A.B. asks: 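Sharing a structure with you now.
On a predicted model such as this, the values are computed, not experimentally measured, just so you know.
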Amino acid sequence: MKLRKVLAIAMASMMVFGLTACGGNDAAPAEAPAEEAPAEEEAAPAEEEAPAEEAAPAEEAAAEDADAAADAAGAGGNIGVCIYKFDDAFMTTYRNALQEILEGKGYTVTFMDGKNDQAEQNNQINNFIAQKVDALIINPVMTSAADQIIATVKDAGVPTVLINREPTADQMSAYDKLVYVGCDARQSGTMQGELILDTPNKGDINGDGKVSYIMIQGDPENVDAQYRTEFSVKALTDAGIEVEELDLQRGDWDRNKGQEIAQNDLAKFGEDIEVIFCNNDDMAIGALQAIQAAGRKVNEDIYLVGVDALDAALNEVAAGNMTGTVLNDAQGQAEGAVQAMEDLLGGKTYAAGEQSIYVDYVKVTPDNVADFQ
Ligand code: BGC
């Protein structure tokens, strides 16, 4: 995606940028996902020897923070960034944007790969605290671990921006130097549904009076997966369309899993599948491979939508191989996260219920895809 265009979109998003109460995420399930945890303890980062207990008590830390904040806000500071796993297409774009912005502003940044393992990420957070970073930006591995993460950073008094995986407003209210920057996932789900409603037959390709779909879900522990799944279908039913769910399976945001699920479902349900909803583009690209291998043609005998506006997906939308996608504005969110971090470093605190900052999603269709390429 060309940076200038993205920046323009980011600027537009920033204009509607505002502090909004995080009202919608109270339904996040506590249930832990069955991840394949590669959790060898020795995989902890090299700076392990710095003991976490050394973290100063809250008041001392607060005084130190004030100094650190003054330094950090001016001539750069040390920022620790924890990403849930580097091997995620969208988070790679996001990470690159964060790096460019932070380094461009003169900060020293260290990125850690959580490898999709919360225990590993906890170690990384503790190490950053022991190294006395000025601020943390954290993309949690599991939102169900948010209480623990928040207690840890609060105890150390480190200003923290959470990104991409939104905890509940209640969880965040425990610490006033904590803010979440992301998107309202309900909006992306609704836009996916609208992409289908905008097709000539509103998704009912075979004219049987209902839209039969399969849903390829991200990691269901993640509120983005929950809301996109719910609100994409809700957009159809709210418009009075009858729907039939042929299958719903978790693809964990992963291209290969998207491909496998679509391949199996295409073999099982064949022509009955009219729409494939994917919670993200990487899984949609996988699904597209299966669609093409099955001799089906997107926008003629099947519809396919994703979320993110990855470069690869934009190319497929332009080529007519995806019905559409939804821009998940990595650049805008990275800008917002850095802004929020600087506000925290400048001493800003956030009241309970006002700790979520949302950047808008944008619908992408063949008509406007060129604006994003
Ligand atoms: C993105 C996915 C990504 C996930 C990671 C979502 O917002 O759409 O592509 O895998 O975040 O948490």
A.B. asks: From Asn116 CG over to Gln121 CD, what is the distance, rounded to the nearest 0.5 angstrom?
C.D. replies: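 Between Asn116 CG and Gln121 CD, I get 9.5 Å after rounding to 0.5 Å.
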
A.B. asks: Give a yes or no answer on whether the side chain of Thr190 reaches the backbone of Ser188 with a donor-acceptor pair at less than 3.5 Å.
C.D. replies: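 No; judged by distance alone, with no hydrogens or angles, the pair does not exist.
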
A.B. asks: Should Leu310 and Val305 be counted in the same cluster of Ile, Leu, Val, Met, Phe, Trp and Tyr side chains packed under 4.5 Å apart?
C.D. replies: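 No; Val305 is not reachable from Leu310 via cluster members.
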
A.B. asks: Provide the closest heavy-atom pair for Tyr175 versus Ile150 in the form atom of the first, atom of the second, distance.
C.D. replies: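 Scanning both residues, the minimum pair turns out to be CB-CG2, 3.8 Å.
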
A.B. asks: Do you know which two heavy atoms are closest between Leu178 and Leu344, and how far apart they sit?
C.D. replies: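 Nearest heavy atoms, Leu178 then Leu344: N-CD2, 4.2 Å.
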
A.B. asks: Could you check whether Arg95 makes a cation-pi contact with Phe86, meaning its NZ or CZ is under 6.0 Å from the centre of the six-membered ring and within 45° of the ring axis?
C.D. replies: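 Flagged: Arg95 positioned over aromatic ring of Phe86.
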
A.B. asks: Checking Asn139 against Asn164: is there a side-chain donor and acceptor pair closer than 3.5 Å?
C.D. replies: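 Present: a donor and an acceptor within the cut-off.
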
A.B. asks: Begin with the C-alpha distance, continue with both residues' side-chain angles, and end with the deciding distance and a verdict on side-chain contact (heavy atoms from CB on, under 4.5 Å) for Ile137 and Cys82.
C.D. replies: CA-CA 6 Å; Ile137 297 177; Cys82 294; over 6 Å; no

A.B. asks: Judged by modelled atom types alone, do Gln187 and Asp360 share a side-chain donor-acceptor pair under 3.5 Å?
C.D. replies: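 Judged by distance alone, the side chains do pair up.
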
A.B. asks: With heavy-atom distances below 4.5 Å as the criterion, would you say the side chains of Asp247 and Met215 are in contact?
C.D. replies: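 Asp247 vs Met215: side chains apart.
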
A.B. asks: Under 4.5 Å between side-chain heavy atoms, hopping through other hydrophobics if needed: is there a path connecting Ile214 to Leu288?
C.D. replies: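 Ile214 clusters together with Leu288.
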
A.B. asks: Hey, does the side chain of Arg228 reach the backbone of Asn279 with a donor-acceptor pair shorter than 3.5 angstrom?
C.D. replies: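 A pair under 3.5 Å: yes.
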
A.B. asks: Hey, does Lys257 have a side-chain heavy atom less than 4.5 Å from the side chain of Ile216?
C.D. replies: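 With C-beta onward as the side chain, the pair stays apart.
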
A.B. asks: Does atom NZ of Lys202 have more than 12 heavy-atom neighbours from other groups under 6.0 Å away?
C.D. replies: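 For Lys202, atom NZ is not crowded (no more than 12 foreign heavy atoms under 6.0 Å).
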
A.B. asks: To check you understand the geometry: which heavy-atom pair defines the closest contact between Trp253 and Asp224, and what is its length?
C.D. replies: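 So the minimum-distance heavy-atom pair works out to CH2-CB, 3.8 Å.
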
A.B. asks: Please tell me if the side chains of Phe128 and Val81 come closer than 4.5 Å, counting only heavy atoms from C-beta onward.
C.D. replies: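 A side-chain contact under 4.5 Å is absent here.
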
A.B. asks: If you apply the rule side chain to side chain donor-acceptor pair (under 3.5 Å), what do you find for Asn78 with Asp134, and how did you get there?
C.D. replies: CA-CA 5 Å; Asn78 286 314; Asp134 296 296; 4.5 Å; no

A.B. asks: Ignoring hydrogens, what is the shortest heavy-atom contact between Gln171 and Thr143? Give both atom names and the distance.
C.D. replies: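 Result for this residue pair: NE2-O, 3.9 Å.
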
A.B. asks: Please determine whether residues Phe90 and Val338 belong to a single hydrophobic cluster, defined as Ile, Leu, Val, Met, Phe, Trp and Tyr linked transitively by side-chain heavy-atom distances below 4.5 Å.
C.D. replies: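 Both belong to a single hydrophobic cluster.
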
A.B. asks: Determine whether the side chains of Tyr358 and Gln333 contain a donor N or O and an acceptor N or O closer than 3.5 Å.
C.D. replies: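 Their side chains do not contain a donor-acceptor pair, so the 3.5 Å distance test is not met.
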
A.B. asks: When you measure from the side chain of Gln249 to the backbone of Ile261, do you find a donor-acceptor pair of N or O atoms at a distance under 3.5 Å?
C.D. replies: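 Here the side-chain-to-backbone pair does not exist.
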
A.B. asks: Strictly by modelled atom types, are Asn126 and Thr152 linked by a side-chain donor-acceptor pair under 3.5 Å?
C.D. replies: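 Result is no, nothing qualifies.
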
A.B. asks: State, with a plain yes or no, whether a side-chain heavy atom of Ile138 is found less than 4.5 Å away from one of Val161.
C.D. replies: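 They are not in contact (no side-chain heavy atoms under 4.5 Å apart), so the answer is no.
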
A.B. asks: Go through the steps for Glu274 and Asn201 under the test side chain to side chain donor-acceptor pair (under 3.5 Å), then give the verdict.
C.D. replies: CA-CA 11 Å; Glu274 292 166 296; Asn201 42 27; over 6 Å; no

A.B. asks: Quick one: does any side-chain atom of Gln355 pair with a main-chain N or O of Ser173 as donor and acceptor, under 3.5 Å?
C.D. replies: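 Answer holds: yes.
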
A.B. asks: Give a yes-or-no answer on whether the side chains of Asp117 and Tyr84 include a donor-acceptor pair shorter than 3.5 Å.
C.D. replies: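 No.
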
A.B. asks: Would you say the side chain of Val133 lies within less than 4.5 Å of the side chain of Ile79, judging by non-hydrogen atoms?
C.D. replies: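 The answer is no; the side chains never approach within 4.5 Å.
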
A.B. asks: Taking atom types as modelled, is there a side-chain donor on Ser212 or Glu244 under 3.5 Å from an acceptor on the other?
C.D. replies: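 Yes - a donor-acceptor pair under 3.5 Å links their side chains.
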
A.B. asks: Going hydrophobic residue to hydrophobic residue with side-chain gaps under 4.5 angstrom, can you get from Met172 over to Val153?
C.D. replies: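 As far as the 4.5 Å side-chain criterion goes, Val153 and Met172 are connected within one cluster.
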
A.B. asks: For Lys234, what residues pass the salt bridge (Lys or Arg N to Asp or Glu O under 4.0 Å) criterion, not counting sequence neighbours?
C.D. replies: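 Applying salt bridge (Lys or Arg N to Asp or Glu O under 4.0 Å) to Lys234 gives Asp238.
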
A.B. asks: Find out whether Gln289 and Arg255 are in side-chain contact, i.e. whether some heavy atom of one side chain is under 4.5 Å from a heavy atom of the other.
C.D. replies: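 Yes, their side chains come closer than 4.5 Å.
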
A.B. asks: Between Asp301 and Lys297, is there a side-chain N and carboxylate O pair less than 4.0 Å apart?
C.D. replies: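 Between Lys297 and Asp301 there is no salt bridge, as every charged N stays at least 4.0 Å from the carboxylate O atoms.
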
A.B. asks: Using a strict cut-off of less than 4.0 Å between a Lys/Arg side-chain nitrogen and an Asp/Glu carboxylate oxygen, indicate whether Glu342 and Lys105 qualify as a salt bridge.
C.D. replies: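 Yes, this pair counts.
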
A.B. asks: Decide yes or no on side chain to side chain donor-acceptor pair (under 3.5 Å) for Gln339 and Asp343, but give the supporting numbers first.
C.D. replies: CA-CA 6 Å; Gln339 179 61 54; Asp343 288 346; 3.0 Å; yes

A.B. asks: Without swapping roles, check the side chain of Asp252 against the backbone of Asp254 for a donor-acceptor pair under 3.5 Å.
C.D. replies: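 Answer holds: no.
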
A.B. asks: Give the intermediate values and the outcome of side-chain contact (heavy atoms from CB on, under 4.5 Å) for residues Asn299 and Met322.
C.D. replies: CA-CA 7 Å; Asn299 291 340; Met322 275 178 70; over 6 Å; no

A.B. asks: Using 0.5 Å steps for rounding, measure from the CG atom of Asp88 to the CG atom of Asp282.
C.D. replies: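 Reported to 0.5 Å precision, the distance equals 7.5 Å.
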
A.B. asks: Check the side chains of Gln263 and Gln259 for a donor-acceptor pair under 3.5 angstrom, ignoring hydrogens and angles.
C.D. replies: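 Note: Gln259 and Gln263 side chains meet the donor-acceptor criterion.
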
A.B. asks: State whether the side chain of Thr323 and the backbone N or O of Leu304 hold a donor-acceptor pair below 3.5 Å, judged by distance alone.
C.D. replies: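 Looks like yes, one N/O pair under 3.5 Å.
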
A.B. asks: Out of curiosity, does Met283 fall in the hydrophobic cluster containing Ile302 (side-chain heavy atoms, cut-off under 4.5 Å, transitive links)?
C.D. replies: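 Yes, it is one cluster - the side chains of Ile302 and Met283 are joined through contacts under 4.5 Å.
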
A.B. asks: Test Val211 against Glu242 for side-chain contact (heavy atoms from CB on, under 4.5 Å), laying out the working first.
C.D. replies: CA-CA 6 Å; Val211 172; Glu242 197 186 320; over 6 Å; no

A.B. asks: Hey, could you give me the CG/CD1 distance between Asp308 and Ile285, rounded to the nearest 0.5 Å?
C.D. replies: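 So the gap between those two atoms works out to 10.0 Å.
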
A.B. asks: Would Lys115 and Asp113 pass as an ion pair if we require N to O under 4.0 Å?
C.D. replies: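 Asp113 and Lys115: not salt-bridged.
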
A.B. asks: State, with a plain yes or no, whether a side-chain heavy atom of Thr365 is found less than 4.5 Å away from one of Asp198.
C.D. replies: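 Thr365 does not reach Asp198 side chain to side chain.
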
A.B. asks: Distance check, rounded to the nearest 0.5 Å: Thr93 atom OG1 versus Asp311 atom CG?
C.D. replies: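 One gets 7.0 Å once the value is rounded to the nearest 0.5 Å.
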
A.B. asks: Decide whether Tyr213 and Glu245 meet the rule of one side-chain donor and one side-chain acceptor closer than 3.5 Å.
C.D. replies: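 Looking only at side-chain atoms, Glu245 and Tyr213 do form a donor-acceptor pair, the distance falling under 3.5 Å.
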
A.B. asks: Could you pull out the closest heavy-atom pair between Ala294 and Leu266, with the gap in Å?
C.D. replies: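 Minimum heavy-atom contact is CB-CD1, 4.2 Å.
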
A.B. asks: Whether the side chain of Asn368 engages the backbone of Asp371 through a donor-acceptor N/O pair (distance < 3.5 Å, no angle test) should be reported.
C.D. replies: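 Between the backbone of Asp371 and the side chain of Asn368 there is no qualifying donor-acceptor contact (under 3.5 Å).
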
A.B. asks: Quick one about Asn127 and Gln131 (side-chain donor to acceptor, distance below 3.5 Å, no hydrogens or angles considered), yes or no?
C.D. replies: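 No, no side-chain donor-acceptor contact under 3.5 Å.
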
A.B. asks: Decide yes or no for Phe372 and Asp329: does some side-chain heavy atom of the first lie under 4.5 Å from some side-chain heavy atom of the second?
C.D. replies: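 With C-beta onward as the side chain, the pair stays apart.
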
A.B. asks: Given 3.5 Å as the limit, does a donor-acceptor pair link the side chain of Gln192 with the main chain of Cys278, or not?
C.D. replies: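 Here the side-chain-to-backbone pair exists.
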
A.B. asks: For Lys363, which residues count as a side chain to side chain donor-acceptor pair (under 3.5 Å) partner, sequence neighbours excluded?
C.D. replies: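 By the side chain to side chain donor-acceptor pair (under 3.5 Å) rule, Lys363 matches Glu194.
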
A.B. asks: So which atom in Thr325 and which in Asp281 form the shortest heavy-atom distance, rounded to 0.1 Å?
C.D. replies: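 Smallest interatomic distance, heavy atoms only, reads OG1-OD1, 2.7 Å.
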
A.B. asks: Report the distance from atom CD1 of Ile291 to atom CG of Asn321, rounding to the nearest 0.5 Å.
C.D. replies: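 The distance works out to 9.0 Å.
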
A.B. asks: Go through it in stages, so that I can follow the logic: the residues are Arg250 and Asp219, the test is salt bridge (Lys or Arg N to Asp or Glu O under 4.0 Å), and I'd like the CA-CA distance, side-chain angles, deciding distance and then a yes or no.
C.D. replies: CA-CA 6 Å; Arg250 63 184 287 173; Asp219 177 347; 3.7 Å; yes

A.B. asks: Quick one about Asn222 and Gln226 (side-chain donor to acceptor, distance below 3.5 Å, no hydrogens or angles considered), yes or no?
C.D. replies: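 Asn222 and Gln226 do not have a side-chain donor-acceptor pair below 3.5 Å.
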
A.B. asks: Verify, without hydrogens or angle tests, whether Asn315 (side chain) and Ala319 (backbone) share a donor-acceptor contact under 3.5 angstrom.
C.D. replies: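 Side chain of Asn315 to backbone of Ala319: no pair is present.
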
